[in-house]
Structure formats: C-alpha cells, structure tokens
A.B. asks: 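Sharing a structure, written as structure tokens. Questions coming.
Numbered from 1 within each chain, the chains take letters A, B, ... in sequence-line order.
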Protein chains: 2
Amino acid sequence: MPSVDRKPLITSLNPDVEKALSIAKDAFSKRQGLLIIGNCVVDYRGRASSKLETGERIAIFKEDGSVLVHRPIGYEPVNWQPPSCVFHASVTDDTLHIRAVRQKPQESVRVSFDRVYLLLVLNLVDRGEFALHASEEDMQKAVLVMPSLIEDGLKPITYEKKVEPGFVDVYCEDKSGRLVVIEIKRKTASKQAALQLAKYVEAIRNIVNKNVRGVLAAPNLGKGVQRLLATLGLEFKHLDPRKCAEVLRKPEKRRLQEFFKE
Amino acid sequence: MPSVDRKPLITSLNPDVEKALSIAKDAFSKRQGLLIIGNCVVDYRGRASSKLETGERIAIFKEDGSVLVHRPIGYEPVNWQPPSCVFHASVTDDTLHIRAVRQKPQESVRVSFDRVYLLLVLNLVDRGEFALHASEEDMQKAVLVMPSLIEDGLKPITYEKKVEPGFVDVYCEDKSGRLVVIEIKRKTASKQAALQLAKYVEAIRNIVNKNVRGVLAAPNLGKGVQRLLATLGLEFKHLDPRKCAEVLRKPEKRRLQEFFKE
DNA sequence: GAGTGGATTTCGCAT
DNA sequence: ATGCGAAGTCCACTC
C-alpha cells in the first residue's frame with residue numbers, strides 16, 4: 001500500500017465558489033471528510049427548526065456522515081448532525097450550500113457560505129485505541145468511600161482483597177440492616193463471576209444468618225448472566241469505572257482513601 | 001475600526017515544531033482560537049482518565065477555553081473540555097504539547113503532536129443570532145395533539161384563540177376529572193402572564209366550580225414569577241417549543257392537526 | 001425496532 | 001455555590 005503518497009489533507013485557501021463546489025463534490029463522492037471555514041448561515045429543519053444568522057464559523061463534514069458547525073466560542077456545536085447523513089453540495093447565487101440529510105429521524109441541515117476562507121479535504125488515518133481508565137482496585141476503593149455508588153444507605157463493614165484476579169469483595173450493611181456481599185468486576189461480569197458470588201453468599205449465609213444479599217457490581221453483564229443472577233437470588237448493580245475514578249478524585253475523599261489503604 | 005485589516009485566520013502548513021510552538025503561544029496570549037490538524041496522542045485526567053493512542057485528528061482550542069479533539073469519524077469529540085480552560089503550549093522531544101487545564105472540576109487534557117499538518121490561528125467574527133423556531137400557534141396545536149406535553153392523563157376539551165398577542169389558552173380535564181386552564185407562552189413567561197392566567201382561572205371558578213387548576217406552560221419563567229404563581233395557587237409546567245415542533249412533525253399526528261385546523 | 005439508562009454529559013435556571 | 005431538569009441531547013445495550 002503506497003501510504004507514502006497519501007496526503008492527510010488538501011488545502012484550498014480562499015477558493016472561489018465554483019472551485020469550492022468542485023472540491024466539495026469530489027470529496028463527498030469519495031467519501032472523504034471536509035472542513036470549511038467561512039462566513040455562513042445555517043438552517044436546520046427536523047425534530048425542531050433553527051436559523052443561524054450570518055457569521056464566521058468552522059464546519060466539519062465527516063466521512064461517516066456527521067456534521068458539526070462550530071462558532072468561535074462554546075463547547076457545543078451550534079448546529080450538527082449525527083452520523084448517517086448524505087451530503088449534497090451546490091451553488092446558487094454565488095453561495096456554496098452544503099446540505100446534510102438524515103432519514104431517521106427525517107431532518108436536514110444546510111450550511112450556506114457566501115465566503116470561504118479555507119476548505120480542507122480530510123484524509124486522516126486514525127487507528128489509535130481509546131481507553132478510559134479506572135482500575136479494579138480503584139473501583140473497590142470508590143465503593144468503600146462512596147457506597148451510594150451501589151445503593152443508598154449502604155454502610156461498608158469490611159473488605160477483602162481476593163487472590164483470584166478479576167474481582168474484589170466488599171461487605172456492607174444495607175439500610176434495613178441486612179448484610180450485603182458485593183463482588184466488583186471492572187469489565188463485563190461473566191457467569192463465572194455470578195457463580196463465584198453465589199458461593200460466597202452461601203458461605204456467609206451458613207455462618208451468619210439468612211438475611212444476606214449478594215450484589216454483583218460491574219459496568220455490565222455478559223449474555224445470560226442476568227437470568228443466572230435471578231435464579232441464584234442475586235442482584236446486579238451497574239457500577240461505572242469512570243464514576244469510580246471521579247469519586248477517587250474528590251479531595252475530601254482522599255483522606256478516606258488513605259484510611260482504607262492502611 | 002480597521003476591520004479591513006482583520007485576518008479571519010492565519011494559516012501555517014506543515015510548520016516545524018518550534019514554529020508551531022511560537023504561533024500557539026502567541027495565539028493563546030492574545031486569547032485567539034487555535035485549530036491544529038496533525039498526528040497526536042491525547043491524555044485526559046480528571047473526572048475520569050483516558051488515553052488515546054497515536055492517530056491523526058483535528059484539535060480545536062477556542063478563545064473561551066473550550067477544547068475539542070475530533071477523530072475522522074463520529075459526532076462526538078473523543079476528548080474535550082468545556083469553556084474556562086487555560087491553555088499551555090510547550091515542546092519536548094520534538095513534540096508539541098497543548099495542555100488545557102480546568103479548575104472546577106480539576107482536570108486537564110493534553111494533546112501531543114509529533115506531526116503538525118496544519119495550524120490555524122482563528123480570528124473569527126460571529127455575531128449572528130441563533131433561533132430555534134416553534135410558533136405560539138404550533139405550541140398550542142402540539143398541546144392539543146399531545147396533552148402529555150403538559151401532563152399525563154390530560155384530555156383537551158376545547159381551546160380558544162386569544163386576541164391578545166402573546167398567548168393562547170387550552171382547556172383540559174386532568175386524570176382526576178378536574179378542569180385545567182392552560183396558558184401557553186412561547187418565550188419566558190412574565191408576571192403579567194401569571195396574573196392574566198389567574199384572572200381566567202378565577203372567572204372559570206366562579207362559573208363552574210372550585211376544582212379548577214391553572215397551568216402556565218412556557219419554556220421558562222421570568223424573575224419572581226415562580227413565587228407569584230405559588231401565591232396565586234397556580235402551577236408552572238415546562239413546555240419546550242422544540243418538543244412542540246417535534247410533535248407536529250410526527251406524520252401520524254398530522255391528521256389530528258388537520259382536525260383542529262377546522 | 002422501541003425503550004431504558006448513562007455521560008468526563010453540557011447547559012440553563014432556580015434556590 | 002448548589003442542585004434540578006432538559007437536550008434537536010448522543011450512544012450503547014436490552015427486550
């Protein structure tokens with residue numbers, strides 16, 4: 001593959017309208033992305049309707065059919081479209097129109113440039129993996145620090161580091177005084193995890209009393225685990241690694257972290 | 001003001017790292033926006049943590065301190081920061097780092113470019129007004145077609161076009177059989193609107209019975225109107241013009257529209 | 001395909 | 001400052 005020849009982007013400075021149209025059509029036909037900076041108005045019609053009066057903005061038309069129109073300030077795009085749009089470029093009255101049409105729901109955005117300062121054809125390669133981090137240990141800490149991540153009124157009693165990789169256990173008391181055994185998984189919880197938890201809960205029940213709840217806390221469940229949990233009389237609680245990371249960042253909780261670290 | 005001299009954007013194609021650094025620092029010191037396209041990695045640390053491996057992306061650093069890092073596909077930025085960040089540019093090891101730091105919550109994003117294809121200093125002027133449309137009449141129609149916009153179990157009885165500009169009234173029956181008088185405002189509801197509604201409700205009460213509710217439906221309330229409503233024994237219901245427009249768009253509701261148009 | 005819940009949600013308005 | 005609700009939310013996942 002002659003990737004040496006690939007040009008990540010093709011730049012046109014202050015193209016006239018016809019030139020811009022030609023480039024845009026070509027880019028869209030090749031399913032390449034397009035970035036336009038210029039003076040424009042934007043009209044949206046669909047779930048609602050909107051009109052944006054003339055001004056200088058950055059418009060991005062991505063190869064997956066998504067659209068972003070950004071003003072000079074603000075995190076959010078002033079107009080946009082999620083992926084799956086079809087783009088149409090046209091010129092009328094010395095104005096370049098880019099229309100993005102979506103079918104479901106039926107809606108469209110039209111960006112009309114009376115001046116184009118810059119037009120970029122995008123041919124970017126991005127295979128980089130994206131990862132949000134929150135370690136398993138972090139998740140356990142987070143639950144200890146803020147048990148409400150699992151359930152309101154929960155009080156941690158003790159916790160235990162497991163030798164088995166992939167999960168940790170926390171013991172709590174719920175607001176009605178029942179003992180709660182929590183198994184935490186940082187990724188999708190498997191059937192094995194549910195069975196493991198069942199084993200612990202059963203053991204605890206035999207030792208303490210009948211009022212023991214088993215909670216599997218994880219970002220999500222594997223196929224069929226939901227039903228298995230029901231069969232075993234266990235519960236699932238959604239636990240977000242990112243939320244855990246957030247909890248651990250809160251300064252006022254840091255000391256509690258230290259406490260549990262001992 | 002010599003706006004003739006203003007350059008909407010300053011373009012640098014394939015700048016070397018030192019040049020890019022110099023431009024970036026200058027732009028940030030002048031509180032100008034910056035757009036960089038190049039090969040980068042992105043690290044985020046804050047409410048959560050994330051790492052994005054190497055790839056070609058579009059990064060926008062706006063003058064209000066917001067940040068967007070966009071991959072070639074996808075509506076959402078892969079990394080971002082809302083307004084209020086402080087930007088720092090630096091170079092280490094032939095790599096251009098742009099750091100965006102936010103104080104509350106404390107977090108930061110760092111975008112590190114080992115190659116810069118394009119660097120833009122943005123000096124865009126955008127005073128265009130943005131408006132989401134949904135006419136007052138549309139809002140009335142929408143409520144008639146889908147009274148659940150106001151409240152579940154509501155049944156429209158009749159409606160009335162008002163001569164006074166700025167609002168329309170709808171009469172409904174709630175699920176417990178009480179009469180509900182609804183005044184709709186397409187913009188922020190004023191005290192005057194509340195008093196007007198009170199007048200109507202009072203009149204209806206005298207004619208019909210004591211079980212009459214008064215509901216002021218609007219996108220939002222003016223200063224102090226909330227308390228006035230409480231004093232008058234009236235209710236406020238949020239009514240979104242956009243939601244109304246959406247309702248009217250639904251094909252299966254069109255016929256009902258026609259019905260009411262008669 | 002519709003419905004539900006989460007998000008580094010963001011944003012606006014109320015208290 | 002804090003908290004609650006809405007969003008043209010978007011998005012992923014379940015039923």
A.B. asks: Whole-Å distance between C/dG6 P and A/L239 CG?
C.D. replies: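 Between P of C/dG6 and CG of A/L239: 11 Å.
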
A.B. asks: With P as the reference atom in both, quote the distance from C/dT4 to C/dT8 in angstrom, rounded to an integer.
C.D. replies: 22 Å

A.B. asks: Please report, rounded to the nearest Å, how far the C1' atom of C/dA14 is from the CD atom of B/E235.
C.D. replies: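 One finds 18 Å between C1' of C/dA14 and CD of B/E235, rounded.
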
A.B. asks: On DNA chain D, nearest-nucleotide positions of B/K104 versus A/Y44: which is more 5'?
C.D. replies: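 So the residue in question is B/K104.
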
A.B. asks: Which parts of nucleotides 10-15 of chain D does protein reach within less than 4.0 Å, heavy atoms only, written one letter per nucleotide 5' to 3' as B for base, S for sugar-phosphate only and - for none?
C.D. replies: SS--S-

A.B. asks: Side chains of B/V181 and B/V215: does their closest heavy-atom pair fall under 4.5 Å?
C.D. replies: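 No, every pair of side-chain atoms sits at 4.5 Å or beyond.
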
A.B. asks: Quick one: B/I150 CD1 to D/dG5 C1', roughly how many Å, whole number?
C.D. replies: 16 Å

A.B. asks: Grab the CZ-C1' distance between A/F236 and C/dG5 for me, whole Å please.
C.D. replies: 11 Å

A.B. asks: State which residues pass salt bridge (Lys or Arg N to Asp or Glu O under 4.0 Å) with B/R99; sequence neighbours excluded, sorted by chain then number.
C.D. replies: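 Counting only residues at least two positions away or on another chain, B/R99 forms no salt bridge (Lys or Arg N to Asp or Glu O under 4.0 Å).
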
A.B. asks: Below 4.5 Å, heavy atoms only, C-beta onward: do A/C172 and A/P156 meet side chain to side chain?
C.D. replies: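 In short, these two side chains touch, coming nearer than 4.5 Å.
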
A.B. asks: Do the ring planes of B/Y75 and A/W80 sit parallel (below 30°), tilted (30 to 60°) or perpendicular (above 60°)?
C.D. replies: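 Tilted, since the angle between the ring planes falls between 30° and 60°.
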
A.B. asks: Going by heavy atoms in the side chains, are A/N39 and A/T54 under 4.5 Å from each other?
C.D. replies: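 In short, these two side chains touch, coming nearer than 4.5 Å.
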
A.B. asks: Write down the distance between CG (B/L149) and P (D/dG5), rounded to a whole number of angstrom.
C.D. replies: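 Computing the B/L149:CG to D/dG5:P distance gives 18 Å.
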
A.B. asks: Using atom C1' in both nucleotides, what's the gap between D/dG5 and D/dT9 to the nearest angstrom?
C.D. replies: 13 Å

A.B. asks: With rounding to whole Å, what would you report as the distance between C/dT10 and C/dG6 at their C1' atoms?
C.D. replies: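 Their C1' atoms lie roughly 14 Å apart.
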
A.B. asks: May I ask you to test the B/L96-B/I36 pair for a side-chain heavy-atom distance under 4.5 Å?
C.D. replies: yes

